[in-house]
Every structure is written in C-alpha cells, then in structure tokens.
Amino acid sequence: MGMDVTSVLNQLNSAQEQAVTSDKKHLLVLAGAGSGKTRVLVHRIAWKIQVDNVSPYGILAVTFTNKAAREMRERIDNLLGMSLRGMWVGTFHGLAHRLLKAHWRDAKLPENFQILDSDDQLRLVKRVMRAMDLDEQRWPPKQAQWWINGQKDEGLRAAHIQESGDPFMATMLRTYRQYELLCEQLGVIDFAELLLRVLELWRNNPEVLGHYQQRFGHILVDEFQDTNAVQYAWLRLLAGKNSDVTAVGDDDQSIYGWRGAKVENILSFERDFADTETIKLEQNYRSTSNILKAANAVIAKNADRLGKNLWTESGEGEPISLYAAFNEHDEARYIADRLSAWASEGNRREDSAILYRSNAQSRVLEAALLQAEIPYRIYGGQRFYERLEIKNALCYLRMMLNCNDDVAFERVVNIPPRGIGDRTLEQIRELSREAGCSLWDASTRMVEEKRLTARAANAVSGFMVLINEMSGQLDELPLSEQAENAIQHSGLVDMHRREKGERGQARVENLEELVNACKNFEPEDSGAPVLPQFLDQVALDAGDRQADQDEDAVQLMTLHSAKGLEFPMVFLAGMEENLFPHKMSIDEPGRLEEERRLAYVGITRAMQKLTMTFAETRSTYGTESFNSVSRFIRDIPKDVVEEVRLHNSISRPTTYAGITNSDEGSDTGFQLGQQVRHNVYGDGIILNFEGNGPRARVHIAFDEVGTKILILASANLVAI
DNA sequence: AAGGCAAATGTTTTT
DNA sequence: CATTTGCCTT
C-alpha cells in the first residue's frame, strides 16, 4: 500500500481532518447538512487502509440505502485508485441477507427463504386476520402490520410482549403470534425480520458472532440518527470489545422516527462505546448564508438538540423568495414560470428541484409543468419493482424457481383470470392447511383425487402445466428470455394490452423494461444460478434508478426522499399549516419536532436559490381548505426573505404575518384563483380584484399572454 | 367466476 | 378528486 497521505488529507478542513485521522477507539461525527459527512467517511476508510495498514477485509461500512452504498464504494475506489473487493459495504438489510444466506441453518431458516416486501407482508397479515375471524373494519390489517413492524424494530418477538388488559394490544399480539407462525411455516421473512434474525443469530451462536467480531475490526455507520433499536443492538454486539466504530450522523436530520429510528442512539453512543471522540462538522459547503440563516432559525426552535450551528464562508447570495399563491394551481403555475425563466438563463433543469411534504401534491405540479412544457422526473412514489404488473411477473419467476412458494402462488394463480375463483382457492388452502403442504402440492392432490369440479380442475391444471413448462427450460435459457417467457406465456402482457386507457400501455412498457433489467443484470456469483440471485437483489433494491436519465429534467420529490441530495435551485411547495407541518403531527410535540427537522432538511437542500410557496386556498380530496402560512416560514428572519409581488399587480396584503385574503370579489360571481376563459386571451386564472361594482377590475394570469388587468364588467369572462 | 358499480379512504417509507 | 376496495349482479 502506498503512503500517499496527502491525497487522503488535502481537500479537508481541520474538523474533517481531525475526524478522518482520529485515533481514539471510537468516533462520533455530528455532521451538519452539507458539511461533508460522506467525504469524512470515505476518507477515514482510505486513511485506515493507507496509513494504519488496515486490510479492506476487516472493514464493514453500513448505510441505509443501496444508492448510498453504491456511492460510497465508488468514492473509495476513486480515492484509492483501485477496487477493494474484500471490504463489505452495504445496507443493513443487504448485509443481513448475506449473513442469513451464509448461516441459514444457524438462523433456523430454509436455505431458499424468500424476502417479503411490505405488500406481501400485508397480504399475509390479512390472511392471518381473516383466519382469526377478525372484523377488518374494526381491526385494519394495515394497522396490525404497522404494529408488528414496530415491535420488531424494537427487537420484540410476540413471546417477549407482556399481555395487558388492553383489547387493542391483545388483538395485535394474537395477530403477531399467528403471523410469526405463518412466516415460519412458509419460510419467508419480512424486512424487519432480516435484521432481527441476524441479531438472534449472533446472540444464539457465539462462534458465528465471534467470527465476524474478529473479522470486522473497523465498523463505520452512515446516517446514524436513522438507526433503530435492533440496528443499534447489532452494532454493539458486532463491535464487541475489540472493534472500533465510526458513527456519522445528524440529530437535526432525523426524520424517520415514525419508522422506529431512534435519535437517542446518538446520545447513547458515547455512553455505550467507551473512549469515544466526538467531532462536530459545522462548516457548510453547500448553501449561501441566507439559506443557512433560515435553516438555523427554523431548527433552533427544537428543544431536543445536541446543538450545532452551521456557518459558511460563502456570501449572502440571493434572498429567499416567498410566494403567496391563491391556490395550488396558482402555486404550481408560479413555480413552472420560475423554472422556465431559470432554464432560459442557460441553467440545467436537473439542477432544480421541487420538494413537497406529501406525494399527493405532485399532481398539480405535474400538470403545470406539462403545460409549460418543462420536462420533469418524479422520484419516489411507487417504485419499479413494487408495481402491480412487475410484482406479478416476478411472482411467475418465483413460481418457476420454486413452485412451493405460497406467497407467489396466491398472487398469480388467477392472474390473468383463468377461472380459479375464491371457492376453488379456499378448498386448496384448506387442504394445504390440513396436510401441512404447499398450495402447489395441495392443488396437485385436489386434481389427482378429483375433488374439484371439472371446470375448476381444468383451470387449476392449466396453471400447473403453464408453470411446469416454463420452469422446464430454466437451465437452458438466459434470464431475460425466462422473463420474456414469463410475461408472454402467462398472458400478463395480453391482459394489460387489453386494458383500456394509457395505463395498460404503461404497464406493458414496464413489463418490457423488466426484461431489459434482466438483460443488464450482472450476478455477483457467476457460478451460481442467475434467477435466484436476481430475485434476491430485486427484493432488496427498489429499482429506483431511473430509466431515462438522459433527458435534462426538473426533479420532483418528497422532502423525505430529498435527504442527502442538493440542488442549486430549490422550491419548497405547500408551506402551509396542516400540510407542513402535517395535521397528523401538529398536536404532538415530538412529532412536530420531527416536522421541523424535515423543514430543516428541505431548506438545507438548496445551494444558491430557495423559493418557498404556499397557497391560501387548497383543495384536498375535493374539499377546499384555508390554511395559514406554515409556522416554519414565520420562524425565518425577515431580512433573508423577499416576498414576491406579482408582476405589475397592485398587491393585496399577502404578508406572511398571517393576514389572509378574504373572499373579496365574491359579489362579482368570480373568486380568487378561479380558472376563467376570455375570448381573446384564452384561459387564465384570477389573481386579484380591484375595486367594487361595475368598475371592478380583475387581474388575470393567462396561460398564453401573461398577466392582464381587465374591467370585469366588459371582460366577458366565463368560468371554466 | 368475472365484471360492474357504489362506497370508503386518503403523511412521510431508505429496506 | 381519484383511486382502491367490497359488494352485488350477471
């Protein structure tokens, strides 16, 4: 190994360098937004390898997302100028999967255990609850699923939980027990189970634990504030007495508390890992000082903080723009307008992003972007491998691999419809329960023993012949042709082709995209069968790498999915009370603090220009609501904010001191924000009224010709 | 067993 | 508003 210390240390500020080179046993890095935390992590690994002569084989680096893992690996390879094969870099779940594959016997799992995604999990929970004869109205399966995952995230099995007199808890606990049994019986594990199983694997098998403790002398964890109880226990156990641990995180960016993440783990770290050096990274390299001022002011209101204050050497930059829209359409239009201008100044669209609190907001934004002909790309929402048509196709592949896969069986046995209805299926399930065999075996027996009507038997054997035919060629054909076979012969493609509207078309395209993904799939172990490797990878990777990265497009996403990203130009849309902070979180102090951290995350995504918008009227689910401007905006010092006044309009008192517009103009038959049509200027939206009676004037933003001021009485407006 | 219609239902979601 | 779910009819 070369000792090129300079390449590892240059480009680092003193706090970063201190973190990279720290020789205390453990290290806790509290890294503010944009302070270079990934850089520190990457350089610290390089430092250990190059200077401390640590073998890459002894290093374990854990992240939360596949994307972060890929990025880390890439950056280390680049820094060191070579690829480090022995080093483990991956997500908690990915590593857990790898461990369980290697130690399936000790973990008491079947060798070919399947991973359940949350959709599969919900189906099983439903199945359990139906078998228990629970009323789905009174006990929503989603809630039970949520509860079970919550327990697992805390490391609690059904057997660990004390029953209290509470009927809710008693029901949840019973469901949990039954669900555990069913998973056991089917040989499947959900996401939370992956982690919990590994914890138990280590606890119950000291020799297995010892092996990994010995191997991984150096453990590094990214986004430490997002670890849950099980992940924390994992780290403590694996680190044991000898390994050193580097944890990097930011308590101010903890936004996954609702998923079991524990910020407290940061506090516990210094206590549980003796001989820890704690370093704060507070210099921000991302944003202008105006943006940082806003971020600092917003987060300062939180009580439970370790306390960091971001600063920057860069200048004030532009003020933060605040636009008070009349309604969500006006808001979207304004944003589209600003984006057009930004792009026409020669900027790349992918350097801009629109962030929002909830996915439902994206619709209106999309419509406005579409109309303005601005290309956009939506992140998050439904992920590729979770789409209905893709999951169906994957389940066919699963059936080809292992026809005893009951979860897959249930899903596709009658998709596309082939005449196997509830009655038939229920008989098959019953036999499978009685005989303790798979649904597939039960079907075989039902047919053989002629226990079905002729029509049903015909349908069932049709399905079995189909699966058998496809799995017969398993070893002969390449993966992509297997997939092609699966989507064609199963009739999935035809089914969606017959579907009316654009949706069917999109689904067919997605299925073709799946075949494509199979073509590009590179198995880790080139000696082993490809299909199982593909299915495992797919189960642990949402497949959110976008297909058409080539087009320069504005990025739309929720605030949650924006964490870790940065953009020169950022819009925060929907800055209204009840939307952000969300009404579900407003009354609980702890949850409100998390919303505030989310606001902090949002603001700190912006590098050069931040624009926040809110709508005075917003229709949600068909009903109109009037929300005041978000408290997070009111917390921002006024001197960094510039309120946007529309073009030449004689402004109404929009001020975010909290005055909202009345229903001024209601006697004219039109309302603010209303869509109207003019026989010369075309379609537009009412921005403002001026004056009363027949001489009242109206400001309208037209789609084609911009804002005009017209005499209401002579404008001949038509509401649309 | 499948297809059509009314009713219910809506935060965030790395894996 | 728009999409999914469950019930009811063919």
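Chain letters run A, B, ... following the sequence lines, proteins first and then strands; every chain starts at 1.
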### Task
Round to a whole Å and report the spacing from CG of L535(A) to C1' of dT15(B).
17 Å
### Query
Over how many whole Å does the gap from Q382(A) atom CD to dT4(C) atom C1' extend?
12 Å
### Message
Looking at dT13(B), I'd like to know if its phosphate oxygens (OP1 or OP2) sit under 4.0 Å from a side-chain N or O belonging to T558(A).
### Response
yes
### Query
Only one of Q114(A), K391(A), R411(A) forms a side-chain hydrogen bond (donor to acceptor under 3.5 Å, both in side chains) with D120(A), so which one is it?
K391(A)
### Query
Given dT12(B), dT3(C), dT11(B), which nucleotide is nearest the side-chain atoms of Y621(A)?
dT11(B)
### Between dT15(B) (C1') and D541(A) (CG): distance, integer Å
10 Å
### Interatomic distance, Q114(A) CD vs dT15(B) P [rounded to whole Å]
18 Å
### Query
Applying the side-chain hydrogen bond (donor to acceptor under 3.5 Å, both in side chains) test to S585(A), which of E593(A), E595(A), E594(A) qualifies?
E595(A)
### Task
Check the side chains of T617(A) and E624(A) for a donor-acceptor pair under 3.5 angstrom, ignoring hydrogens and angles.
no
Polar-atom pairs under 3.5 Å, protein N or O versus N or O of nucleotides 5-10 of chain C: list them with distances, or write none.
none

### Minimal non-hydrogen separation, K37(A) against A31(A), with atom names
CB-CB, 3.4 Å
#### Entry: Touch class at under 4.0 angstrom, heavy-atom based, for T620(A) against every strand present
nothing
### Query
Whole-Å distance between dT4(C) P and E499(A) CD?
10 Å
### Query
What interatomic distance, in whole Å, is found between C1' of dT5(C) and the corresponding atom of dT12(B)?
23 Å
### Query
Taking the side chain of R423(A) as its heavy atoms from C-beta onward, which of dT15(B), dT13(B), dA1(B) lies nearest to it?
dA1(B)
### Task
Could you please name the option among dT11(B), dT15(B), dA1(B) that lies closest to any side-chain atom of R591(A)?
dT11(B)
### Query
Within the distance-only criterion (no hydrogens, no angle test), does the side chain of R286(A) pair as donor or acceptor with the backbone N or O of T604(A) below 3.5 angstrom?
yes
### Message
Taking N627(A)'s backbone N and O only, do any of them form a donor-acceptor pair with E577(A)'s side chain (distance below 3.5 Å, no angle check)?
### Response
no
### Message
Taking the nucleotide of DNA chain B with the nearest heavy atom to each, does M584(A) or T424(A) sit closer to the 5' end?
### Response
T424(A)
### Message
If you only use heavy atoms from C-beta on, which nucleotide in dT13(B), dA2(C), dT15(B) is closest to the side chain of R363(A)?
### Response
dA2(C)
### Query
Reckon R503(A) has a side-chain N or O less than 4.0 Å from the OP1 or OP2 of dA2(C)?
no
### Candidates dT11(B), dT15(B), dT13(B) - which lies nearest the side chain of W258(A)
dT13(B)
### Task
Look at all strands and tell whether D117(A) reaches a base, only sugar-phosphate, or nothing, counting heavy atoms closer than 4.0 Å.
nothing
### Message
On DNA chain B, does the nearest nucleotide to L425(A) precede the nearest nucleotide to A192(A) from the 5' side, or the other way round? Give the residue.
### Response
L425(A)
### Query
For the pair made of CD in E386(A) and C1' in dT13(B), what is the distance, rounded to whole Å?
9 Å
#### Entry: Verdict with supporting geometry, F224(A) and F269(A), ring-ring contact (aromatic ring centres under 6.0 Å, His included)
CA-CA 10 Å; F224(A) 188 66; F269(A) 190 85; 5.5 Å; yes
### Task
Rounded to the nearest 0.5 Å, what's the gap from CZ on R591(A) to CG on L598(A)? Could you check?
12.5 Å
### Query
Would you say the base of dT15(B) and the side-chain of R259(A) have a donor-acceptor pair closer than 3.5 Å?
yes
### Task
First locate atom CZ of R507(A), then atom CD of E389(A), and finally report the distance between them rounded to the nearest 0.5 Å.
5.0 Å
### Task
Determine: side-chain N/O of N359(A) to OP1/OP2 of dG10(B), distance under 4.0 Å, yes or no.
no
Look for any protein N or O under 3.5 Å of an N or O in nucleotides 2-4 of chain B and output each such pair with its distance, or none.
{"unit_1": "dA2(B)", "atom_1": "OP1", "unit_2": "G419(A)", "atom_2": "N", "d": "2.7"}
{"unit_1": "dA2(B)", "atom_1": "OP2", "unit_2": "N414(A)", "atom_2": "ND2", "d": "2.9"}

### Query
Given E426(A) and R423(A), is the salt bridge (charged side-chain N to carboxylate O under 4.0 Å, His left out) satisfied, shown in steps?
CA-CA 5 Å; E426(A) 199 40 60; R423(A) 255 201 85 58; over 6 Å; no
## Note on the structure
From CD1 of I428(A) across to P of dA1(B) the rounded distance in Å is 10 Å
### Query
Which nucleotide sits closest to the side chain of W146(A): dC1(C), dT12(B), dT15(B)?
dT12(B)
### Query
Separation of H582(A) atom NE2 from dG10(B) atom P, in whole Å?
12 Å
### Query
So what does Y256(A) hit on the nucleic acid, given a heavy-atom distance under 4.0 Å: a base, only sugar-phosphate, or nothing?
base
### Task
Let me know which of K583(A), R357(A), R618(A) forms a salt bridge (Lys or Arg N to Asp or Glu O under 4.0 Å) with E576(A).
R618(A)
